[in-house]
Amino acid sequence: MSIVQEIKCSHCSAPISFEPGEIIATCKYCGYTVVIKTGDAFTFEHSMLQNKYEPTEIEEAIKNWMRAGFLKPSDLARKSRITEKTLIYLPFWIMSVEAESAYKGIFERITPSIVKEGKIEKKYDWLVLARKAADFPTREYDVPLKGKVPYDFRKIEAFAKVLNSEICKNEAVEFAKQEIADHHRYLVKQDVDRLIEMKHEMKVNQTVYLHAPIWFIKFEYKGKTYQLLMDGATGIVIKGDIPSTGFGIF
Ligand SMILES: [Zn+2]
């Protein structure tokens, strides 16, 4: 069980509750966002994406996913039962990054091998989940940034849960830089077989703190429980367990 602590909202005086490890918290009653440690107001852009589904409507969206695609059992939509549907606004940091990686490596696919040099130049809206322990497939989530609006607590449904950030902006920036560097190292493998050196230059232009509505779904099919993550802004399944069709060797 986690211990919930409270601070007083300096905007509306209501208690803002937070859990150990959380760094930034948002007031449920007025939407004021505070840096817990200092009590100062959060000064970066705080945005949100809006959820389109009521709990009753989400079932239909899930059933549609179940009916689509030949890899799924044909009776999946009919025979499965949704046992849990929780809407959670997950906190993310989104960094607009201009990244440039200069590299030098050896191309060994021809004889004799040659030394190659090159440069990867890319722009990203890089997404970092602002939670430490959450098992969320961030790289598979194509965040629909076009729909982002300023954070408004009145748009948060009463049945939904809003999670606070456990990662500060600087940590998120470092994390994004590291992930982009890893990604570029992976891309370079297409061009060189052995990397001699690589130098990254990254410019972070903008940072946005964003709450995105994600439906955490559990369903039961033939006695087993499966999980599904659905983007509440678009209805797209971010990740979903697919029960086997049962056509095995037995
Ligand atoms: Zn408040």
Side-chain angles (χ1 to χ4, degrees), residues 2 4-7 9 11-12 14-36 41-59 61-62 82 84-95 125-169 171-172 175-176 207-218 227-240:
S2 50
V4 176
Q5 291 169 276
E6 277 177 1
I7 44 170
C9 175
H11 185 248
C12 76
I16 301 177
S17 55
F18 63 95
E19 288 176 20
E22 292 183 343
I23 286 172
I24 298 157
T26 301
C27 176
K28 258 204 300 206
Y29 305 96
C30 76
Y32 180 79
T33 297
V34 64
V35 180
I36 294 168
F42 180 75
T43 49
F44 299 100
E45 179 183 331
H46 186 190
S47 294
M48 69 182 291
L49 293 168
Q50 281 176 272
N51 166 55
K52 285 200 307 200
Y53 300 92
E54 286 293 318
T56 46
E57 296 164 338
I58 199 74
E59 299 230 1
I62 295 159
I82 292 156
E84 214 181 290
K85 40 182 179 180
T86 313
L87 176 63
I88 300 178
Y89 284 82
L90 285 183
F92 290 96
W93 289 98
I94 299 166
M95 268 80 55
D125 283 318
W126 202 265
L127 192 65
V128 174
L129 179 67
R131 298 289 290 185
K132 278 182 172 152
D135 174 26
F136 184 83
T138 308
R139 292 280 78 80
E140 283 155 65
Y141 175 36
D142 189 11
V143 55
L145 280 179
K146 283 205 176 93
K148 94 178 155 63
V149 293
Y151 187 86
D152 184 347
F153 73 102
R154 286 161 298 197
K155 290 184 173 135
I156 304 282
E157 300 81 349
F159 59 83
K161 203 173 152 184
V162 180
L163 292 186
N164 288 322
S165 178
E166 292 176 330
I167 289 171
C168 74
K169 180 191 165 246
E171 274 180 286
F175 197 66
T207 315
V208 175
Y209 182 49
L210 176 101
H211 275 99
I214 309 291
W215 284 91
F216 287 74
I217 307 293
K218 278 189 182 153
Q227 284 183 323
L228 196 92
L229 295 173
M230 188 179 263
D231 177 357
T234 60
I236 292 169
V237 169
I238 299 161
K239 200 174 184 180

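The first residue in the sequence is number 1, and the count goes up from there.
- Distance check: Leu129 CG to Phe175 CZ gives 9.0 Å after rounding to the nearest 0.5 Å.
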- Message: For Leu127 and Arg139: C-alpha separation, side-chain torsions, deciding distance, then whether side chain to side chain contact (heavy atoms under 4.5 Å, CB included) applies.
- Response: CA-CA 8 Å; Leu127 192 65; Arg139 292 280 78 80; 3.9 Å; yes

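- Between the CD1 atom of Ile236 and the CD atom of Glu140 there is a distance of 13.0 Å, given to the nearest 0.5 Å.
- When all heavy atoms of Met95 and Ala176 are compared, the pair lying nearest together is CE-CB, 3.4 Å.
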Which pairs would a plain distance check flag for residues 160-168, meaning a side-chain donor or acceptor within less than 3.5 Å of a matching protein atom at least two apart in sequence or in another chain?
unit_1, atom_1, unit_2, atom_2, d
Asn164, OD1, Thr26, N, 3.2
Asn164, ND2, Glu22, OE1, 2.9
Ser165, OG, Ile167, N, 3.2
Ser165, OG, Ile167, O, 2.7
Glu166, OE1, Lys132, N, 2.7

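- Using cut-offs of 30° and 60° on the angle between ring planes, the pair Tyr32 and His11 is parallel.
- Residues Val35 and Ala41 come closest through the heavy atom pair CG2-O, 4.4 Å.
- A donor and an acceptor atom, one from each side chain of Glu45 and Ser47, are located under 3.5 Å apart.
- Atom-to-atom distance recorded for Ile7:CD1 and Ile16:CD1 is 5.0 Å, nearest 0.5 angstrom.
- At a threshold of 4.5 Å between non-hydrogen side-chain atoms, the residues Val34 and Cys27 do not count as touching.
- The CD1 atom of Ile217 sits 5.5 Å away from atom CD1 of Ile58, with the distance rounded to the nearest 0.5 Å.
- In this structure, the side chain of Lys85 engages the main chain of Pro55 through a donor-acceptor pair within 3.5 Å.
- In this view, Lys169 satisfies the salt bridge (Lys or Arg N to Asp or Glu O under 4.0 Å) rule with no residue, not counting sequence neighbours.
- Partners of Phe153 according to the side chain to side chain contact (heavy atoms under 4.5 Å, CB included) rule, which considers only residues two or more places apart in sequence or in another chain, are Tyr151.
- Ile36 is not listed as a side-chain neighbour of Gln5, based on a closest heavy-atom distance of 4.5 Å or more.
- In this structure, Asp152 places its CG atom where more than 12 heavy-atom neighbours from other residues, nucleotides or ligands lie under 6.0 Å away.
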- Between Ile238 and Phe136, is a side chain to side chain contact (heavy atoms under 4.5 Å, CB included) present by the stated rule, with each step listed? CA-CA 9 Å; Ile238 299 161; Phe136 184 83; 4.1 Å; yes

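- Considering Trp93, Phe92, Phe44 in turn, Trp93 is the only one that fulfils the ring-ring contact (aromatic ring centres under 6.0 Å, His included) rule with Tyr209.
- Closest of all the heavy-atom pairs between Pro137 and Lys239 is CG-CD, 3.8 Å.
- A heavy-atom distance below 4.5 Å is not found between the side chains of Leu228 and Ile82.
- Rounding to the nearest 0.5 Å gives a distance of 8.5 Å between CG of Leu90 and CZ of Arg131.
- By the 4.5 Å heavy-atom criterion applied to side chains, Tyr29 and Cys9 are not counted as neighbours.
- Nearest approach of Gln50 to Pro213, heavy atoms of both residues: C-CG, 3.9 Å.
- Note that OH of Tyr53 is 8.5 Å distant from CG of Asp231, once rounded to the nearest 0.5 Å.
- Looking at every heavy atom in both residues, Ala25 comes nearest to Phe18 through CB-CB, 4.4 Å.
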- Message: Under the criterion side chain to side chain contact (heavy atoms under 4.5 Å, CB included), I'd like the reasoning laid out for Trp215 against Ile62: C-alpha separation, chi angles, the key distance, then a yes or no.
- Response: CA-CA 10 Å; Trp215 284 91; Ile62 295 159; over 6 Å; no

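- Here the shortest heavy-atom pairing between Leu49 and Pro144 reads CD2-O, 3.3 Å.
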- Derivation and outcome, side chain to side chain contact (heavy atoms under 4.5 Å, CB included), residues Val128 and Thr138: CA-CA 7 Å; Val128 174; Thr138 308; over 6 Å; no

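- Contact check for Ile214 versus Tyr141: side-chain heavy atoms found under the 4.5 Å cut-off.
- Looking at His211 and His46, their side chains come closer than 4.5 Å, going by heavy atoms from C-beta outward.
- For the residue pair Tyr89 and Glu157, a side-chain donor N or O sits within less than 3.5 Å of a side-chain acceptor on the partner.
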